[in-house]
Amino acid sequence: MGLEPFSPDSTIFRDESVLRDGYQPARLIERDTELEQYQSALKPVINGAPPKNLFLYGQTGVGKTLSSRMVVERLIEDQQNIDGVDVQVIELNCKSLNSSYQVAANLINQFRPPTEQIKPTGYPSGMIYNMLFDELEALDATHCLIVLDEIDAIGNDDDILYKLPRANDNENVEDTLVGVIGISNDFTFRDNLSARVKDSLADEEIHFPPYDANELGNILKQRAGEAFHDTSAQRLDDGSYELQSDILEGDVIPLCAAFAAQDSGSARQALKRLYKAGDLARDEESDVITEAHVRQADEIVERDKVRDELTRLPTQSKLTLYSLLLLEREDETPSKRNRIYERYVMAAKRIDADVRTDRTIHDRLSQLTLKGFLDVDEQNKGPKGGSYYEYEFSIRADLAQEVLQEDERLAELFATDETSTTLDSF
């Protein structure tokens, strides 16, 4: 059979974009406290005073970036009616940047036209900061707010988070008042910042906690009222939503909310489940979305989530997983740390990666366990045998292998016959 002709369908979705990443609702619900804190922290800007430096933190999907975007947009709109205040906002996602130098270079290019962009490497660090300060000084604005999303990507190289918040105090920038808004998905990132950065950056900290099932249910009802046919959502006096729908069976919204709440408390994950459930119903040409669609959607979303998180792991963590994958093939899991480390050293050398210490790989194993990729079991053999930890996959090993094979740097490790890839094959 050949391809079926494309044709629009209208049985399930009225506007499916409402459930997808990137959609910005007119009203952000279940974040009133955080929005109030955020607006309060930016009041000095409206008053013409130096801005506070802010740090927003919380796991993915809890509204940090969306809250920031909505508050900043409101600030830009309102400041137009205030004499003597001219605010410019620069936003940079640092996800693919791993150093303060790269952040500074990318910020410089944000200020410059395409014909005057600089290369991301090749300048002394002192020069790159001076270039950034010159751009800030040259702005025709009273204030510049620099929003650094996913700033935890830079790791321990946090110099930019000292230089920018102190740009005015150190007289690097005099004519423009500079403020920094750092946004992080990593709870531990702020704890690992150097003492001087903590003093400079965190004038105000705003924590975005995970959503609970009731909050997620309200968010889903609000979006469902726009997303699906024959569905409406009414906001009640207490801020909750009441949903009327001929498309969604009664358990659909509560089940999507419950799955996401017990998993991560992420609105993004709850919306993905609802969207995928609608997708499945549409593919089946069903007139309604059922509990069965939600349960099937949950399995698909969980697998996609694990795959995405595996893909984002740094090379050293992927090498650690690969080492355990070898032991899995040899039917030698659960496996002790020293056995995993043996395979790790061989694999790292084979692709010319830096060989980390045994302690570092132990930390990697702990991180992979915390992320839910591995299970660990403590073995206690008494006074003679001692105690030790054994590790094995808590996810499907074939899924880990699929992701590792897709990594260009690790591809060489899979170049030989997979059935014979053991320690001896190195």
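Everything quoted here is computed from the prediction, not taken from an experiment. Positions are given from 1, in the same order as the sequence printed here.
- Expressed to the nearest 0.5 Å, how far SG of C256 lies from CD of E291 amounts to 10.5 Å.
- At most 12 non-hydrogen atoms from other residues, nucleotides or ligands lie less than 6.0 angstrom from CD of E285.
- When every heavy atom of K318 is checked against every heavy atom of L310, the shortest pair comes out as CE-O, 3.4 Å.
- With hydrogens and angles ignored, the 3.5 Å screen pairs a side-chain donor or acceptor of N168 with a backbone N or O of T176.
- Remark: V345 pairs with Y341, K349, V355 by the side chain to side chain contact (heavy atoms under 4.5 Å, CB included) rule, at least two apart or across chains.
- Looking at E299 and R303, no side-chain N of the basic residue comes within less than 4.0 Å of a carboxylate O on the acidic one, giving no salt bridge.
- The distance from the CG atom of L374 to the CG atom of L324 is 6.0 Å, given to the nearest 0.5 Å.
- Annotation: the span from E284 atom CD to T11 atom OG1 amounts to 11.0 Å, rounded to 0.5 Å.
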List the atom pairs, with distances to 0.1 Å, where a side-chain N or O of residues 102-112 and a protein N or O form a donor-acceptor pair under 3.5 Å, not counting sequence neighbours.
| unit_1 | atom_1 | unit_2 | atom_2 | d |
| --- | --- | --- | --- | --- |
| Q102 | OE1 | N98 | N | 3.1 |
| Q102 | NE2 | N98 | OD1 | 3.3 |
| N106 | ND2 | Q102 | O | 2.8 |
| N109 | OD1 | I118 | N | 2.8 |
| N109 | ND2 | I118 | O | 3.1 |
| Q110 | NE2 | E91 | O | 2.7 |
| R112 | NE | E135 | OE2 | 2.8 |
| R112 | NH1 | E116 | O | 3.3 |
| R112 | NH2 | E135 | OE2 | 3.4 |

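- Looking only at atom types and distance, the side chain of R364 has a donor-acceptor partner in the side chain of S317 under 3.5 Å away.
- Looking at residues two or more places apart in sequence or on another chain, you find a side chain to side chain contact (heavy atoms under 4.5 Å, CB included) between D157 and S99, S100, D159.
- Counting only distance, with no hydrogens or angles, the side chain of N53 and the backbone of V180 share a donor-acceptor pair below 3.5 Å.
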So E215 and R31, salt bridge (charged side-chain N to carboxylate O under 4.0 Å, His left out) or not? Walk me through it. CA-CA 9 Å; E215 292 169 334; R31 280 293 178 243; 5.1 Å; no

Check residues 71-82 and write down every donor-acceptor pair under 3.5 Å in which the side-chain atom is one partner and the other belongs to a residue at least two apart or another chain.
| unit_1 | atom_1 | unit_2 | atom_2 | d |
| --- | --- | --- | --- | --- |
| E73 | OE1 | Q24 | NE2 | 3.2 |
| R74 | NE | D78 | OD1 | 3.3 |
| R74 | NE | D78 | OD2 | 3.0 |
| Q79 | OE1 | V87 | N | 3.2 |
| Q79 | NE2 | I76 | O | 3.2 |

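- The main-chain N or O of R307 is found under 3.5 Å from a side-chain atom of T311 such that the two form a donor-acceptor pair.
- Between A224 and I253, the shortest heavy-atom distance links the atoms CB-CD1, 4.4 Å.
- The heavy-atom pair separating S17 from D15 by the smallest distance is OG-OD1, 2.6 Å.
- Although no hydrogens or angles enter the test, the distance criterion places no donor-acceptor pair under 3.5 Å between the side chain of S286 and the main chain of A281.
- Both the sub-6.0 Å distance and the 45° axial angle are not jointly satisfied by K64 relative to the ring of F208.
- Counted by atom type alone, E16 and Y23 present zero donor-acceptor pairs between their side chains at under 3.5 Å.
- Partners of R337 under the salt bridge (Lys or Arg N to Asp or Glu O under 4.0 Å) rule, at least two apart in sequence or in another chain, are D358.
- Among residues two or more places apart in sequence or in another chain, the ring pair (Phe, Tyr, Trp, His ring centres under 6.0 Å) test is passed with F228 by F13.
- One finds no salt bridge joining K371 and E309 here, because no Lys/Arg side-chain nitrogen approaches an Asp/Glu carboxylate oxygen to under 4.0 Å.
- In summary, E402 and R396 do not engage in a salt bridge, as defined by a charged side-chain N under 4.0 Å from a carboxylate O.
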Test log, rule salt bridge (charged side-chain N to carboxylate O under 4.0 Å, His left out), inputs D279 and R282: CA-CA 5 Å; D279 241 351; R282 174 168 56 185; 2.7 Å; yes

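- Separation of atoms OG (S232) and NZ (K221) is listed at 12.0 Å; rounding is to 0.5 Å.
- Of all heavy-atom pairs between R409 and D352, the closest is NH2-O, 3.4 Å.
- Not a single donor-acceptor pair under 3.5 Å links the side chain of H293 to the backbone N or O of V252.
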Apply the test side-chain contact (heavy atoms from CB on, under 4.5 Å) to residues I146 and L148: give CA-CA distance (whole Å), side-chain angles for both, the deciding distance (0.1 Å), then the verdict. CA-CA 6 Å; I146 299 176; L148 301 175; 3.8 Å; yes

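- Between the side chain of D230 and the main chain of S245, no donor-acceptor pair closer than 3.5 Å is present.
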Listed pairs under 3.5 Å, donor-acceptor, residues 32-45 side chains, sequence neighbours left out:
| unit_1 | atom_1 | unit_2 | atom_2 | d |
| --- | --- | --- | --- | --- |
| Y38 | OH | S68 | OG | 2.7 |

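- Partners of R14 under the salt bridge (Lys or Arg N to Asp or Glu O under 4.0 Å) rule, at least two apart in sequence or in another chain, do not exist in this structure.
- With hydrogens and angles disregarded, no donor-acceptor distance shorter than 3.5 Å links the side chain of Y344 to the backbone of L319.
- Ion pairing between D149 and K95 fails under the 4.0 Å rule for side-chain N and carboxylate O.
- A salt bridge does not link D298 to R295: none of the charged side-chain nitrogens sits closer than 4.0 Å to a carboxylate oxygen.
- Between R273 and E302 there is a salt bridge, since a side-chain N of the basic residue sits under 4.0 Å from a carboxylate O of the acidic one.
- Side-chain contact check for Q234 and Y241: no donor-acceptor pair (N or O, by modelled atom type) lies under 3.5 Å.
- In this structure a side-chain-to-backbone donor-acceptor pair under 3.5 Å is present from R223 to V18.
- Between the side chain of T231 and the main chain of H229, a donor-acceptor pair closer than 3.5 Å is present.
- Every residue two or more places apart in sequence or in another chain that forms a side chain to side chain contact (heavy atoms under 4.5 Å, CB included) with A267 is listed here: Y211, L216, I219.
- Residues satisfying the salt bridge (Lys or Arg N to Asp or Glu O under 4.0 Å) test with R20, not counting sequence neighbours, are none.
- Here D287 pairs with nothing under the side chain to side chain contact (heavy atoms under 4.5 Å, CB included) rule; sequence neighbours left out.
- S240 contributes no side-chain N or O that, together with a main-chain N or O of L236, makes up a donor-acceptor pair within less than 3.5 Å.
- In this structure E390 satisfies the salt bridge (Lys or Arg N to Asp or Glu O under 4.0 Å) test with no other residue, sequence neighbours excluded.
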